[in-house]
Student: 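There's a structure below that I have some questions on.
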Amino acid sequence: MILSVTSEFVCLIFGDPALAERETPFGMTYGEMADYLIDRAVNHAVLAFECDWREDLGVYVNRPGSYNYSGEAKAYSLPHNQYLVMAVTMMNFAKVSPEHRDECLDRAEKMLTVFKKSITYYPYVGVISWNYHDPQYEEDYPERIEDYSHGMLDVRAAVAGYESGLVFSLED
């Protein structure tokens, strides 16, 4: 969540050249601060979670010793809202970090694809639904329909995916 907000802040700064040139109270411009935040986030914080990425599943996981939930007894894939916040973060950093653009968009696309497959469409009544968590490899996980508050994080990711040209269409 912190990285997501950071990525939105950086996009805001780079979206306004006048803001990027303004001095911060810390003796640097907002543009310089944005560059620093990109470096710290993309080259350090995101990389800290590489050990939790499962390429074969297309999502991040919790595992014993994970940065997500240290001390968990067994590994499992993150709930949609948790990995989708990282997908939004990756899409935002792709906009402002050209050297990481392709890898960020590739990762976000994989997560969005997993999420889209979990959505059930009911076209005759105009409803869609999905579960809070659709485990990618665990067994015996209780199904629970997504709630409104967590669902907003999921919807935000789908909209960001559409805006970035990834996975979701206007019809979706």
Side-chain angles (χ1 to χ4, degrees), residues 1-17 19-20 30-31 33-50 52-62 66-68 77-123 126-136 144-172:
M1 291 294 292
I2 292 169
L3 287 176
S4 179
V5 174
T6 300
S7 69
E8 290 174 10
F9 178 72
V10 169
C11 286
L12 175 70
I13 292 169
F14 282 132
D16 183 349
L19 179 59
Y30 279 99
M33 178 186 280
D35 287 335
Y36 174 79
L37 290 172
I38 289 170
D39 174 63
R40 301 312 297 172
V42 176
N43 295 320
H44 299 280
V46 170
L47 292 179
F49 292 97
E50 277 305 296
D52 298 320
W53 174 252
R54 286 283 301 269
E55 184 69 27
D56 59 322
L57 302 176
V59 297
Y60 288 92
V61 299
N62 284 319
S66 172
Y67 290 112
N68 297 313
S77 56
L78 290 175
H80 300 300
N81 69 83
Q82 292 180 22
Y83 70 78
L84 288 172
V85 169
M86 185 63 101
V88 170
T89 300
M90 297 293 216
M91 287 182 275
N92 285 336
F93 280 128
K95 295 174 189 174
V96 297
S97 183
E99 65 275 14
H100 298 287
R101 182 181 188 281
D102 292 343
E103 66 192 78
C104 286
L105 290 178
D106 179 64
R107 181 73 54 94
E109 183 173 32
K110 288 174 180 168
M111 291 183 272
L112 290 169
T113 299
V114 169
F115 174 58
K116 187 172 182 178
K117 288 178 184 176
S118 72
I119 297 172
T120 302
Y121 294 87
Y122 300 95
V127 172
I128 64 170
S129 71
W130 62 93
N131 292 319
Y132 170 77
H133 187 198
D134 288 298
Q136 302 303 308
R144 183 177 101 200
I145 297 297
E146 180 61 281
D147 62 75
Y148 186 75
S149 64
H150 291 103
M152 290 299 96
L153 297 169
D154 305 340
V155 169
R156 175 178 166 234
V159 170
Y162 164 71
E163 291 172 343
S164 296
L166 299 177
V167 181
F168 287 91
S169 67
L170 181 59
E171 292 77 26
D172 295 327

Student: What distance do Ile13 atom CD1 and Ile38 atom CD1 have between them, rounded to the nearest 0.5 Å?
Tutor: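 Between atom CD1 of Ile13 and atom CD1 of Ile38 there are 9.0 Å.
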Student: Is the number of heavy atoms from other residues, nucleotides or ligands under 6.0 Å of Tyr122 OH greater than 12?
Tutor: no
Student: Where is the tightest heavy-atom contact between Thr89 and Ser7, given as atom of each residue plus distance?
Tutor: CA-OG, 3.8 Å
Student: Would the distance check show the side chain of Asn131 and the main-chain N or O of Asp134 forming a donor-acceptor pair, the cut-off being under 3.5 Å?
Tutor: no
Student: With rounding to the nearest 0.5 angstrom, report the OH to CG distance, Tyr83 to Leu153.
Tutor: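 Rounded to the nearest 0.5 Å, the OH-CG separation comes to 12.5 Å.
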Student: Of the non-hydrogen atoms in Ile119 and Trp130, which two are nearest, and what is the gap between them?
Tutor: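 Taking every non-hydrogen atom into account, CA-CB, 4.2 Å.
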Student: Please report the shortest heavy-atom distance between Leu166 and Ala108, naming the atom on each side.
Tutor: CD1-CB, 4.2 Å
Student: Do you know the tightest heavy-atom contact between Ala45 and Phe49?
Tutor: O-CD1, 3.3 Å
Student: Are Thr120 and Ile128 side-chain neighbours, meaning at least one heavy-atom pair lies under 4.5 Å?
Tutor: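 No, every pair of side-chain atoms sits at 4.5 Å or beyond.
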Student: Taking all non-hydrogen atoms of both residues into account, name the closest pair between Gly58 and Met111 and its distance.
Tutor: O-CG, 3.3 Å
Student: Kindly indicate whether the side chain of Leu3, heavy atoms from C-beta on, has any atom under 4.5 Å from the side chain of Val46.
Tutor: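 Yes; the side chains approach each other to less than 4.5 Å.
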Student: Within a 6.0 Å radius of atom OH on Tyr132, are there more than 12 heavy atoms belonging to other residues, nucleotides or ligands?
Tutor: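 Count over threshold, so yes.
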Student: Near Leu47 CG, under 6.0 Å, is it more than 12 heavy atoms from other residues, nucleotides or ligands?
Tutor: yes
Student: Do Pro79 and His150 touch side chain to side chain, with heavy atoms closer than 4.5 Å?
Tutor: no
Student: Got a second to check how far Met91's CE is from Cys11's SG, nearest 0.5 Å?
Tutor: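 Reported value, rounded in 0.5 Å steps: 11.0 Å.
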Student: Taking side chain as C-beta onward, heavy atoms only, is Leu37 less than 4.5 Å from Arg40?
Tutor: no
Student: Taking all heavy atoms of Ser4 and all of Val85, pick out the closest pair and write down the distance.
Tutor: CB-CG1, 3.7 Å
Student: As a quick check of understanding, evaluate side chain to side chain contact (heavy atoms under 4.5 Å, CB included) for Asp35 and Phe14, giving each step before the final call.
Tutor: CA-CA 10 Å; Asp35 287 335; Phe14 282 132; 3.2 Å; yes
Student: Please assess Tyr60 against Arg107 for the test side-chain hydrogen bond (donor to acceptor under 3.5 Å, both in side chains), listing each intermediate value before the final yes or no.
Tutor: CA-CA 10 Å; Tyr60 288 92; Arg107 181 73 54 94; 3.0 Å; yes
Student: Can you find a pair of side-chain heavy atoms, one from Trp53 and one from Met86, that are under 4.5 Å apart?
Tutor: no
Student: As an exercise, state the distance from CG of Asp106 to CD of Glu55, rounded to the nearest 0.5 Å.
Tutor: 6.5 Å
Student: Does Met1 have more than 12 heavy atoms from other residues, nucleotides or ligands lying within 6.0 Å of its CE?
Tutor: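 No.
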Student: Can you list the steps and then say if Phe93 with His100 is a ring-ring contact (aromatic ring centres under 6.0 Å, His included)?
Tutor: CA-CA 8 Å; Phe93 280 128; His100 298 287; 8.9 Å; no
Student: Could you measure the distance from the NZ atom of Lys116 to the OG atom of Ser169? Nearest 0.5 Å is fine.
Tutor: 5.0 Å
Student: Determine whether Phe168 and Val159 make a side-chain contact, defined as any pair of heavy atoms from C-beta on separated by less than 4.5 Å.
Tutor: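 Contact flag for Phe168/Val159 side chains = no.
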Student: Could you state the interatomic distance from CG (Asp154) to CZ (Phe115), rounded to the nearest 0.5 Å?
Tutor: 4.5 Å
Student: Is the shortest heavy-atom distance from the side chain of Phe9 to the side chain of Met33 under 4.5 Å?
Tutor: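 Heavy-atom side-chain distance check passes, below 4.5 Å.
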Student: A side-chain contact here means heavy atoms from C-beta on lying under 4.5 Å apart; do Asn62 and Asp52 qualify?
Tutor: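 They are not in contact (no side-chain heavy atoms under 4.5 Å apart), so the answer is no.
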Student: For the side chain of His133 and the backbone of Ser77, is there at least one donor-acceptor N/O pair under 3.5 Å apart?
Tutor: yes
